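Everything quoted here is computed from the prediction, not taken from an experiment. Scope of the values below: all heavy atoms of this structure, side chains included, with no hydrogens, waters or symmetry mates. Throughout, a chain's letter reflects where its sequence line sits, starting with A, and its residues are numbered from 1.
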Amino acid sequence: MNPAFSELSLAEPLARAVAELGFSSMTPIQAQAIPVVLQGRDVMGAAQTGTGKTAAFSLPLLQRLLKHASSSTSPARHPVRALVLLPTRELAVQVAQQIELYAKYTELRSTVVFGGMDMKPQTAELKRGVEVLVATPGRLLDHIEAKNCVLNQVEYVVLDEADRMLDIGFLPDLQRILSYLPKQRTTLLFSATFSTEIKRLASSYLQDPVTIEVARSNATAATIEQRFYRVEENDKIQALKQVLRERTIGQAFVFVNSKLGCARLARSLEHDGLNSTALHGDKSQDERLKALDSFKKGEVQLLVCTDVAARGLDIKDVPAVFNFDLPFNAEDYVHRIGRTGRAGASGLSFSFVCGRDTKSLAELEKLLGKKVEVEPLELESDRRRFGGDPGRINDGQRLWHDPRGSAEARALRPPPRAARPAADPFFEQPYQPKLAPEAKPEWEQQSAKAGAGTRSVSPFIRTKRKVAALFKAATPVAAGAECERQPDPEPVA
DNA sequence: AAAAAAT
């Protein structure tokens with residue numbers, strides 16, 4: 001049994017908040033990290049998903065801010081003393097909310113800044129003065145450069161999801177932010193996954209760090225049952241619906257690798273009457289927050305999402321995670337399935353493996369350090385075709401449906417393309433064969449010789465286009481004016 | 001083969 005929070009001799013306002021939140025005994029990462037952070041040491045902390053890393057750094061951090069008065073000589077009453085950086089906006093919101101709860105009975109102020117929202121309210125909060133600032137990198141840089149906040153008094157920096165913060169996409173922004181901070185400070189890095197390369201890189205940002213590793217890093221929570229199904233790319237939607245029905249899954253995250261795929265899947269599921277919503281980076285921030293909120297409240301059953309939701313999001317009692325696509329990075333798999341099985345609860349994960357996932361699967365096996373058993377998944381439509389029992393009823397729902405749809409639906413469907421009249425005669429024109437290579441005009445052969453990236457367009461057409469562009473910019477086209485159709489550009493070789 | 005983070 002781990003020690004209780006009450007043994008920590010936290011300052012009264014913190015202890016009160018902790019008691020009110022019903023925290024009793026610490027998790028392993030909390031038991032190990034909190035005393036070390038209380039000593040003011042740099043920390044690299046690794047622990048499985050859903051084991052309370054946020055509290056593991058927030059509580060001792062707040063305790064230290066309370067115990068050690070600001071060394072500030074600045075006239076500002078509330079200089080930023082602690083900075084917490086996160087890789088997604090939703091995660092920034094979540095961590096800020098948690099910190100606010102812990103700091104509820106203290107005088108310490110905190111706020112969160114992130115992109116996609118109006119700068120003004122954030123600026124007002126910053127100007128009011130905060131000791132703890134939670135942020136995503138891009139927007140924080142905006143605020144720094146607009147002089148909305150001054151970070152030269154920062155005593156503590158936390159990189160949550162540290163391996164992501166240190167990866168190539170974030171590193172330039174991160175380095176710029178760190179360049180605004182005092183060299184003399186405490187740095188805390190936390191994540192469920194640390195590759196050996198990232199560990200090495202990370203240690204260059206730490207001074208005499210204490211490494212805390214609860215279980216092996218990259219380990220998945222033992223309470224999550226992981227299944228892998230061999231599914232054809234085109235059968236994935238059907239497979240998803242089938243598993244949802246057969247296992248009577250309640251809420252679930254459904255991870256898709258691309259934003260477009262995510263939007264499409266969500267639309268398809270909604271069309272089929274499944275209660276789902278999409279969360280990805282092409283949505284407005286309002287929509288993103290709304291989608292997450294409705295999932296949190298349980299109004300939505302399926303959160304169809306990209307890796308924007310892979311890390312850190314703490315939503316209680318989500319029973320299952322689907323990897324509709326197997327992630328490219330094995331680390332992301334660990335984070336994705338970590339959305340379930342949180343705080344010791346049990347969880348289920350289903351991953352669809354198709355032909356092109358061989359490489360991702362091998363990466364995953366390497367990271368998990370074990371062979372992954374991929375089971376075949378018998379689809380109901382096949383069962384029916386091969387003489388199964390198509391008439392079974394489950395919760396009033398048929399277990400299979402005719403892939404061609406109902407008779408009514410078929411009648412409504414447009415006839416095949418060939419039977420339709422041409423929508424636009426232009427597209428029905430006979431195919432024009434391209435010039436044989438030896439017949440190519442001299443200019444084209446030259447531009448091909450000139451090297452890759454040169455578009456095969458004659459100098460004549462190029463000039464003509466420039467003039468046309470200038471002309472278009474200068475003269476509005478009169479209504480009904482006749483325009484000569486410009487030839488299409490040659491396809492790039 | 002992607003996503004995320006600034007507009």
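Contacts of A:N329 with the nucleic acid, taken as non-hydrogen atoms under 4.0 Å apart, include base atoms. If you check every strand for non-hydrogen atoms under 4.0 Å, A:D142 touches a base. Counting non-hydrogen atoms under 4.0 angstrom, A:R311 reaches nothing in the nucleic acid. Contact annotation for A:G169: base contact, defined as any heavy-atom pair under 4.0 Å involving a base atom.
Checking B:dA1, B:dT7, B:dA3 against the side-chain heavy atoms of A:S258 singles out B:dA3 as nearest. Picking from B:dA6, B:dA3, B:dA2 the nucleotide with the shortest atom distance to the side chain of A:R164 gives B:dA3. Nearest to the side-chain atoms of A:T306 among the listed nucleotides B:dA4, B:dA1, B:dA2 stands B:dA4. Counting only heavy atoms from C-beta on, A:K259 has its side chain closest to B:dA3 among B:dA3, B:dA2, B:dT7. Closest to the A:H280 side chain, of the nucleotides B:dA4, B:dA1, B:dA6, is B:dA4. Of the candidates B:dA1, B:dA4, B:dA2, B:dA1 carries the atom nearest the A:S360 side chain, counting heavy atoms from C-beta on.
Using a 4.0 Å cut-off, some side-chain N or O of A:R89 falls inside it from OP1 or OP2 of B:dA5. Residue A:K359 has no polar side-chain atom (N or O) positioned under 4.0 Å from OP1 or OP2 of B:dA1. Contact between the side-chain N/O atoms of A:R288 and the OP1/OP2 oxygens of B:dA5 is found at a separation under 4.0 Å.
Contact of the A:D208 side chain with the A:D42 side chain is not registered, since no non-hydrogen atoms from C-beta on lie closer than 4.5 Å.
In this entry the distance linking CG of A:L141 with P of B:dA4 reads 19 Å, nearest Å. The distance from atom CZ of A:F255 to atom P of B:dA1 is 24 Å, rounded to the nearest whole Å. Between the CG atom of A:L279 and the P atom of B:dA2 there is a distance of 19 Å, rounded to whole Å.
If you take CZ on A:F228 and CG on A:L361, they are separated by 7.0 Å, rounding to the nearest 0.5 Å.
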